[in-house]
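I have placed the structure first, in the form of structure tokens, so that the comments after it can refer back to it.
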Number of protein chains: 2
Amino acid sequence: MNAETGEALDAELACPIAPVVDIVFSRWTTPILWTLHEYGRQRFVELQRRIATITPKVLTQRLRQMERDGLVVRTYHPEVPPRVEYEISELGGSLAPLFAALTEWSAENLEKVERARSAYDEGEG
Amino acid sequence: MNAETGEALDAELACPIAPVVDIVFSRWTTPILWTLHEYGRQRFVELQRRIATITPKVLTQRLRQMERDGLVVRTYHPEVPPRVEYEISELGGSLAPLFAALTEWSAENLEKVERARSAYDEGEG
DNA sequence: CTGTATCCTTTGTGATACTG
DNA sequence: CAGTATCACAAAGGATACAG
């Protein structure tokens, strides 16, 4: 947010859910949350394997952000070699109904979007 | 999606709602949908004024994408000067319960995120 | 294993000016 | 009014290599 320009404020005025969208639907956050939800508490390398196209750099960045936002919990085990586990926090878990609603909307309407696109593109050509 | 690398496929496997997130929660789409929902059918310049920080270029880009996805309807009135009106489609309107759920989650949990951030940043300093 | 560091490319976005 | 065209820039993301 910028106090000079008030950009974030403007975005919030135009759309009250803008802050939540920033937190929950940033790129890579939903795949990470989903994977943690599907497979439970797991290590860094497991996440990396399951989200095949993510790089360690980006995975670290997103996990840090989500940890800071209180959505995931990071547990460091000081062993050799080091072991780190990630899991969904209670706050993160409270998003489950939301994700379920998104899944349902997707099941009912994703195909309509596809058809709309085809129709639109046909009108173009 | 890239057939060679299968990147989109990977993202979908890791997270079934990835396609919906792309469609609905791209940048600027929620403010635009929200404004259309709040003020109803309106002209290009009205949208531009209500979402103060958006530029005409970006507004056009987003509106075109949402029109192609079937979320909004564009009506062109061939007058002088030209008049164009945008409104939410039936498909776009079907997102309303989702947005309501997001609003509710925000009301209940946004503050928790703020507190988690403060706690995290304190531990850093 | 769990990341960091570096470099590089791409994408998104903004500023500005202009057209029918 | 409703955009389009062009330039420019910053940030996000990917590739790769390396460290504790």
Side-chain angles (χ1 to χ4, degrees), chain A residues 1-2 4-8 10-11 14-15 18 21-23 25-32 35-36 41-68 72-87 124, chain B residues 1-2 4-8 10-11 14-15 18 21-23 25-32 35-36 41-68 72-87 124:
Chain A
M1 147 167 42
N2 186 329
E4 294 288 331
T5 61
E7 279 185 28
D10 168 68
C15 180
V21 172
D22 271 354
I23 293 165
F25 300 105
S26 299
R27 189 139 191 253
W28 291 119
T29 54
T30 52
I32 293 172
T35 303
L36 286 174
R41 183 175 61 247
Q42 56 198 286
R43 306 175 66 168
F44 185 89
V45 71
E46 295 180 288
L47 278 168
Q48 197 182 338
R49 280 189 200 122
R50 286 179 173 131
I51 311 169
T53 54
I54 201 170
T55 60
K57 189 187 84 170
V58 174
L59 181 55
T60 303
Q61 285 174 346
R62 300 333 320 202
L63 284 171
R64 286 285 182 283
Q65 181 190 325
M66 292 162 75
E67 187 195 358
R68 187 172 104 101
V72 308
V73 176
R74 176 180 183 271
T75 309
Y76 177 76
H77 304 272
E79 307 168 358
V80 181
R83 184 161 59 92
V84 176
E85 289 182 314
Y86 293 91
E87 63 189 315
E124 297 296 284
Chain B
M1 145 164 46
N2 187 329
E4 294 289 330
T5 61
E7 278 185 28
D10 168 69
C15 181
V21 172
D22 271 354
I23 293 165
F25 299 105
S26 300
R27 199 154 135 93
W28 291 118
T29 54
T30 52
I32 293 172
T35 303
L36 286 174
R41 182 175 61 248
Q42 57 198 286
R43 307 173 67 166
F44 185 88
V45 71
E46 295 179 288
L47 278 168
Q48 197 181 337
R49 281 189 199 121
R50 286 179 173 130
I51 311 168
T53 55
I54 201 170
T55 60
K57 189 187 83 172
V58 174
L59 181 54
T60 303
Q61 285 175 346
R62 290 353 303 211
L63 283 172
R64 286 286 182 282
Q65 181 189 326
M66 293 162 73
E67 187 195 358
R68 186 172 105 102
V72 308
V73 176
R74 176 180 183 271
T75 311
Y76 177 77
H77 304 272
E79 307 167 357
V80 182
R83 185 162 59 93
V84 175
E85 289 182 315
Y86 293 92
E87 63 188 315
E124 298 295 286

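In what follows, every chain begins at residue 1, and chains take the letters A, B, ... in the order their sequences are listed. Here the structure is a predicted model, which is why all the values come from computation and not from measurement.
Annotation: side chain of D22(B) is not in contact with side chain of F25(A) (no heavy-atom distance under 4.5 Å).
Where the helix from dC1(C)-dG20(D) to dG20(C)-dC1(D) starts and where it ends, the local axes point in directions that differ by 50°; five pairs per end, rounded to 10°.
Checked against side chain to side chain contact (heavy atoms under 4.5 Å, CB included), V84(B) has the following partners two or more places apart in sequence or in another chain: R74(B), Y76(B), Y86(B). Qualifying side chain to side chain contact (heavy atoms under 4.5 Å, CB included) partners for T35(B), counting only residues two or more places apart in sequence or in other chains: A14(A), Y39(B), Q42(B), L47(B), R50(B), I51(B).
Rounded to an integer number of Å, the gap from R74(A) CZ to dC1(C) P is 15 Å. Spacing between atom CH2 of W28(A) and atom C1' of dA12(D) amounts to 12 Å, rounded to whole angstrom units. The distance from atom CZ of R27(A) to atom C1' of dA12(D) is 9 Å, rounded to the nearest whole Å. Across the protein-nucleic acid pair, E85(A) atom CD and dT2(C) atom C1' stand 13 Å apart, rounded to whole Å. In this entry the distance linking CZ of R83(B) with C1' of dC1(D) reads 11 Å, nearest Å. Taking atom CD of residue Q42(B) and atom C1' of nucleotide dA2(D), one finds them 14 Å apart after rounding to whole Å. For the pair D22(A) CG and dA11(D) P, the interatomic distance rounds to 15 Å; values are reported in whole Å. Distance, I32(A) CD1 to dG13(D) P: 10 Å, rounded to whole Å.
Taking every heavy atom of both residues into account, P31(B) and C15(A) meet most closely at CA-CB, 3.5 Å.
Looking at Q65(B), its side chain never comes within 3.5 Å of a backbone N or O of R62(B) through a donor-acceptor pair.
The pair R41(B)-E85(B) meets the salt-bridge criterion, with a side-chain N (NZ, NE, NH1 or NH2) lying under 4.0 Å from an Asp/Glu carboxylate O.
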> Under the side chain to side chain contact (heavy atoms under 4.5 Å, CB included) criterion, do M66(A) and S26(A) qualify, and how do the steps go?
Replying inline: CA-CA 10 Å; M66(A) 292 162 75; S26(A) 299; over 6 Å; no
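Within residues 56-64 of chain A, the residues approached by DNA chain C to less than 4.0 Å at the level of any non-hydrogen atom are K57(A), T60(A), R64(A), in residue-number order.
How far CG of L36(B) is from CG of L63(B): 7.0 Å, rounded to the nearest 0.5 Å. A distance of 10.5 Å separates CD of Q48(B) from OG1 of T53(B), quoted to the nearest 0.5 Å.
Listed pair Y86(A) / dG3(C) meets the phosphate criterion, a side-chain N or O lying under 4.0 Å from OP1 or OP2.
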Any N/O pairs under 3.5 Å between the protein and nucleotides 18-20 of chain C? List them or say none.
none

Please output the side-chain donor-acceptor pairs of residues 54-61 of chain B that fall under 3.5 Å, not counting sequence neighbours, one pair per line with the distance.
unit_1, atom_1, unit_2, atom_2, d
T60(B), OG1, P56(B), O, 2.8

